[in-house]
**Q** 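Pasting in a structure now, in structure tokens, and then I'll have a few things to ask.
Order of appearance sets the numbers: ligands from 1, and atoms from 1 within every ligand.
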Amino acid sequence: MTTDETAPDPARPIKVAILGSGPSGIYAVQSLLKQEAFPVEVDIYDRLPTPYGLVRYGVAPDHPNIKSVVGVLQRVLESPGVRFFGCVEFGRDVTRTDFEEFYDAVIYATGASVDRALGIPGESLPGSYPATEFVAWYSGHPDAEQPFPLDAESVVVVGVGNVAVDVARMLAKTPADLAHTDVPPAIFDALSASRVRDVYIVGRRGPEHAKFTTKELRELGELVNASVHLLPDEAAVVGDAQHGKIVRANLGVLAKWLEVEQAQKPRRIWLRFWLRPDEIIGTERVEGLRCERTKLDDEGAVVGTGEYETLPAQVVLRAVGYRSLPLPDVPFDAVRGVVVNDAGRVLEEDGSAAPGEYVAGWLKRGPTGVIGTNKSDAAETVRALVEDIVASGAAQRPAPPSIDDELQARGIEPVDYAGWLRIDAEELARGASEGRERSKIADWDTLRSVSGRS
Ligand code: NAP
């Protein structure tokens, strides 16, 4: 093959579909636009009429600094050659075969949208919910059940990661703290009317094993209306194990809180450790969480001590990590909860790479890391894609047909980027009339009609 034959043809851009418009999908688009091996055209699909995935529906409303990454993501969506296809569901409206027919490559980036279960008795009692459901509710997700039953005085949050800290903080905040956030009015009213007094955050291991980050932990101690309480026997770390930077900083925050007895405020956050959930107690509904006390054995493994404690609660929220859902027809490792892949290349059951298919983000590596982690993750996937496209000589073959006519023939009417901008503008206008920056629309009918879709 001569150099001329392999040179990219500028008139023949490589067509890539991205499934999922959260940070991982949009960072993948950014990487595709930055690479110089060939020109690209990117269609980014989402089940929702709104882009930004977990930035819109996972980052807590009182964390505007984290949400400000939207500015970067928006610039990517507005780049020439990029189109948004909202309200299109994979497996129903478009399939793996469609992506094969209408694109040179696809990147799956649907994240991890569902909860993990504890697998203990009582988990299905009314009052026991995944934290993901509570997060979706306060984030105004259109699939969230309304209203969230927030009638408890005492709530247990299981897990000591950042999601647990987010939900505990949201439960402990006052209406004044939330007045400037983007939570929809009905949800703001429900949070304002909450009678919660005690929030228990429960770790099954010690504070040195907690997954939260220091900034998030520290914030709990800065709440106007809530005090943080620890039990010295649980929170003081014994032993001389070497810890990493984040753990050392976390332990420093806990040590400061332990030094001075905290005056009790109207709401109290109890950070409890060494308690392994054993059973959610209750007959008609949740009445408490029974936990077995744990300790480290001589090998450093966490073991039960046979001692039990029941934390009183009318609501138990499990914040024990997210889980990805398999995509129809796409190879999935049900144990690890990820699409089977090698550095982003989707692998078939026999271990061979599925031509033109890639994966990025939580669906590729599992639900870990912060938003920024998805940037390097997506870059790795795009490097594999570019390498493969160049090696396959795709640019020298005719372009795949456009999907637009096919979608129309199927009666599928995507919400395009202009449709999302109409939703965006309406939310900003509602916010302005309520004296805040944005007021989210939380129901499907209004989202659809405001977007201009019937
Ligand atoms: P996570 O960080 O993995 O924490 C999960 C927690 O659940 C851990 O404490 C884990 O304990 C515990 N757990 C798991 N299974 C359990 C069980 N059966 N019983 C009791 N406890 C159990 O997950 P996450 O909080 O959902 O967060 C997901 C990712 O999003 C993380 O990377 C997080 O940092 C990120 N995030 C970031 C922010 C932020 O930056 N502000 C906000 C929210 C989320 P073990 O360690 O013992 O397994």
**Q** So does Leu347 have more than 12 non-hydrogen atoms from other groups sitting under 6.0 Å from CG?
**A**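 Above 12, so yes.
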**Q** What protein heavy atom is closest to atom 36 (N) of ligand 1, reported as residue, atom name and distance in Å?
**A**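 Closest protein heavy atom to atom 36 (N) of ligand 1: Asn162 CB, 3.7 Å.
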**Q** Counting non-hydrogen protein atoms only, what is the nearest one to atom 28 (C) of ligand 1? Give residue, atom name and distance.
**A**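 Heavy-atom neighbour on the protein nearest atom 28 (C) of ligand 1: Pro367 O, 3.7 Å.
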**Q** At under 4.0 Å between heavy atoms, which part of Val59 makes contact with ligand 1: side chain, backbone, both or neither?
**A**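 No part of Val59 comes within reach of ligand 1.
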**Q** Who's closest to atom 2 (O) of ligand 1 heavy-atom-wise, of Arg169, His63, Lys211?
**A**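 Of the listed residues, Lys211 has the closest heavy atom.
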**Q** At under 4.0 Å between heavy atoms, is it the side chain or the backbone of Val163 that contacts ligand 1, or both, or neither?
**A**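 Both backbone and side chain of Val163 come within 4.0 Å of ligand 1.
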**Q** For the residue pair Ser194 and Leu150, what are the closest heavy atoms and their distance?
**A**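 Shortest heavy-atom contact: CB-CD2, 3.9 Å.
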**Q** Quick one: nearest non-hydrogen protein atom to atom 18 (N) of ligand 1, plus distance?
**A**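 Result: Arg204 NH1, 3.4 Å.
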**Q** Whether the Asn162 and Thr213 side chains hold a donor-acceptor pair (N or O, under 3.5 Å, no angle test) is what I'd like checked.
**A**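 Yes, a side-chain donor-acceptor pair sits under 3.5 Å.
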**Q** Can you tell me how far apart CZ (Arg365) and OG (Ser24) are? Round to the nearest 0.5 Å.
**A**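 That separation rounds to 7.5 Å.
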**Q** For atom 22 (C) of ligand 1, what is the nearest protein heavy atom, given as residue, atom name and distance?
**A**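 Nearest neighbour among protein heavy atoms for atom 22 (C) of ligand 1, to 0.1 Å: Val320 CG1, 3.3 Å.
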**Q** Considering only non-hydrogen protein atoms, determine which one is nearest to atom 32 (O) of ligand 1 and report residue, atom name and distance to 0.1 Å.
**A**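 Its nearest protein heavy-atom neighbour is Gly369 N, 2.8 Å.
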**Q** Which distance, rounded to the nearest 0.5 Å, do you find between the CZ of Arg285 and the CG of Asp151?
**A**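 One gets 5.0 Å once the value is rounded to the nearest 0.5 Å.
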**Q** Roughly how far apart are Ile18 CD1 and Ile26 CD1, rounded to 0.5 Å?
**A**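 CD1 of Ile26 is found 9.5 Å from CD1 of Ile18.
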**Q** For ligand 1, is any non-hydrogen atom under 4.0 Å from Glu216's backbone (N, CA, C, O), its side chain (CB onward), both, or neither?
**A**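 The side chain, only.
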**Q** Tell me: protein heavy atom nearest atom 9 (O) of ligand 1, and distance?
**A**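 I find the closest protein heavy atom is Val160 N, 3.0 Å.
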**Q** Tell me whether the NZ or CZ atom of Arg290 lies within the 45° cone about the ring axis of Tyr308 and under 6.0 Å from its centre.
**A**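 Yes; both conditions hold, so Arg290 lies above the ring face of Tyr308.
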**Q** Hey, which atoms in ligand 1 end up nearer than 4.0 Å to a heavy atom of Gly321?
**A**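 Counting from 1, the qualifying ligand atoms are 23 (O), 26 (O).
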**Q** Could you check whether atom NZ of Lys256 has more than 12 heavy atoms from other residues, nucleotides or ligands sitting under 6.0 Å from it?
**A**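 Atom NZ in Lys256 is not crowded, with 12 or fewer foreign heavy atoms closer than 6.0 Å.
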**Q** State the atoms of ligand 1, each with its element, that fall below the 4.0 Å cut-off from a heavy-atom position in Ala319.
**A**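 Listed by number with element: 5 (C), 6 (C), 7 (O).
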**Q** Could you tell me, atom by atom, which parts of ligand 1 come under 4.0 Å of a heavy atom of Tyr322?
**A**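 Listed by number with element, the hits are 26 (O).
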